[in-house]
Structure formats: C-alpha cells, structure tokens
Amino acid sequence: MIEIACCKEPTGILQKDIAKNQNISVKYLDYIISALKLKELISNTKGRGSGYMLARPADKITMLDIYTAFEQIVIIECVKNRSFCERATHQCTANNYWKQFHHQIIEILSAKTLEQIIKETKYDCPEICE
C-alpha cells in the first residue's frame, strides 16, 4: 500500500514493479492485490494489465481498512460469535474484558492512516514511480 500510495504516475505502478521493489513474488502479490481490490482500497488505472493506484486518498485509508482486507479482527471467538459459548449471553467477566480489548484494537488501527505511516517511516519512494 505504501508503494502504491507513493506512485505519482497517472498510470499507476505495475504489479511486477511492486514485486521487484518489495522483493516478493508476483504470485504472492496476486493474493495481496486481490484482497486490496476486493476491499476497494486500490484499483487498476486502465483495466487488466495496467498499473495500480489508491482508490481513495492515503489520508482516508486507515490501518484498520488495510488489516481487515486480509482478515477479521477476532481476539476471542465469543466476542464475535455469541453462540460459541453459552456464557457469552450471560454476565461473563472474561467476555467483558475481551470485548473491551477488541474495541481498543479497533481504535488503535482506526487512529492511524496510510498517509501517517508513510510520513512516520520516511519511506523512500522508488524512482520508477516518481
């Protein structure tokens, strides 16, 4: 996401260039790209075979958006699925703690944007997209 966000070319950045710059296989990147597209965080600039761009500005994409593109936040099963444990519907001290912890994780991930991450890490954008 950082690599895509840094790309200022109107044609976006190609998948092969992302894979090369990040030293990961194109096959593995296929999975990542698919998840990010499905979550509508990135899009192709001109359809299949073209470059990728952010679907919205980096300051409007939170780390929660990115994280949940790949998996749900499930701290403990009974927090999301009350039928998992018969005690989840009753007063359960442990359940209350895990619910609170779950909300704190969501708050932490929601509080940080992609733009903030880029600034904080001082990511040096690759020349191919400047």
Side-chain angles (χ1 to χ4, degrees):
M1 288 294 290
I2 292 171
E3 185 111 15
I4 294 169
C6 282
C7 187
K8 304 303 179 208
E9 290 292 321
T11 55
I13 185 167
L14 296 174
Q15 185 170 339
K16 69 179 179 109
D17 293 328
I18 297 170
K20 179 184 172 194
N21 294 339
Q22 295 301 315
N23 197 26
I24 57 177
S25 74
V26 173
K27 185 174 181 172
Y28 179 61
L29 189 55
D30 278 338
Y31 163 74
I32 295 170
I33 294 290
S34 293
L36 295 172
K37 284 175 68 175
L38 188 63
K39 185 81 174 190
E40 298 180 348
L41 296 175
I42 64 171
S43 61
N44 292 89
T45 55
K46 294 183 182 176
R48 188 170 171 85
S50 64
Y52 291 100
M53 296 184 74
L54 295 180
R56 57 184 190 256
D59 67 337
K60 303 294 184 209
I61 297 173
T62 67
M63 297 314 294
L64 180 66
D65 295 326
I66 297 168
Y67 185 92
T68 57
F70 302 99
E71 59 185 80
Q72 293 181 343
I73 297 176
V74 179
I75 303 300
I76 190 166
E77 188 64 32
C78 63
V79 171
K80 284 286 191 185
N81 180 5
R82 297 187 114 196
S83 65
F84 182 77
C85 174
E86 64 184 53
R87 293 187 64 210
T89 58
H90 306 316
Q91 187 66 350
C92 173
T93 306
N95 184 277
N96 289 333
Y97 168 77
W98 291 118
K99 281 182 185 175
Q100 185 179 32
F101 186 76
H102 174 85
H103 291 297
Q104 289 172 339
I105 295 294
I106 289 172
E107 285 176 15
I108 290 168
L109 292 171
S110 297
K112 192 69 74 170
T113 67
L114 177 59
E115 183 175 89
Q116 289 170 314
I117 296 294
I118 292 168
K119 287 178 182 175
E120 289 172 7
T121 59
K122 297 177 177 71
Y123 181 75
D124 192 18
C125 296
E127 292 177 21
I128 196 158
C129 245
E130 292 186 297

Distance from [X] atom [atom1] to [Y] atom [atom2], nearest 0.5 Å?
| X | Y | atom1 | atom2 | answer |
| --- | --- | --- | --- | --- |
| D65 | K39 | CG | NZ | 6.0 Å |
| I2 | I18 | CD1 | CD1 | 12.0 Å |
| H103 | E107 | NE2 | CD | 8.5 Å |
| I33 | S43 | CD1 | OG | 10.5 Å |
| I4 | D17 | CD1 | CG | 11.5 Å |
| K27 | I32 | NZ | CD1 | 13.5 Å |

Item to complete: Would you sort out whether Y52 and T45 count as a side chain to side chain contact (heavy atoms under 4.5 Å, CB included), showing the intermediate values?
Response: CA-CA 6 Å; Y52 291 100; T45 55; over 6 Å; no
Practice prompt. Check salt bridge (Lys or Arg N to Asp or Glu O under 4.0 Å) between K112 and all other residues, then give those that pass, not counting sequence neighbours.
Written response: E120
Fill in: Residues in salt bridge (Lys or Arg N to Asp or Glu O under 4.0 Å) contact with E40, at least two apart in sequence or another chain
none
Which residues pass the side-chain contact (heavy atoms from CB on, under 4.5 Å) test with [X], sequence neighbours left out?
| X | value |
| --- | --- |
| Q100 | Q104 |
| K60 | R56, P57 |
| Y67 | E71, I73, L109 |
| S110 | L64, I106 |

Worksheet entry | Hydrophobic cluster identity match, I66 and Y31, side-chain contacts under 4.5 Å | yes
Worksheet item: Quick one: do I108 and I117 end up in the same hydrophobic cluster if we chain Ile, Leu, Val, Met, Phe, Trp and Tyr together by side-chain heavy atoms under 4.5 Å apart?
Response: no
Worksheet entry | Heavy atoms from other residues, nucleotides or ligands near OH of Y28 exceed 12 (cutoff 6.0 Å) | no
If I compare all heavy atoms of [X] with all of [Y], which pair ends up nearest, and what's the gap?
| X | Y | value |
| --- | --- | --- |
| K16 | V26 | CA-CG2, 4.4 Å |
| A35 | A69 | CB-O, 3.5 Å |
| A19 | S25 | CB-C, 4.3 Å |
| L14 | S50 | CD2-C, 3.9 Å |

Heavy-atom distance under 4.5 Å between the side chains of [X] and [Y], does that happen here?
| X | Y | result |
| --- | --- | --- |
| I42 | M1 | yes |
| D30 | Q15 | yes |
| L41 | L114 | no |

Discussion item. Below 30° counts as parallel, above 60° as perpendicular, anything between as tilted: where do the rings of F101 and W98 land?
Written reply: perpendicular
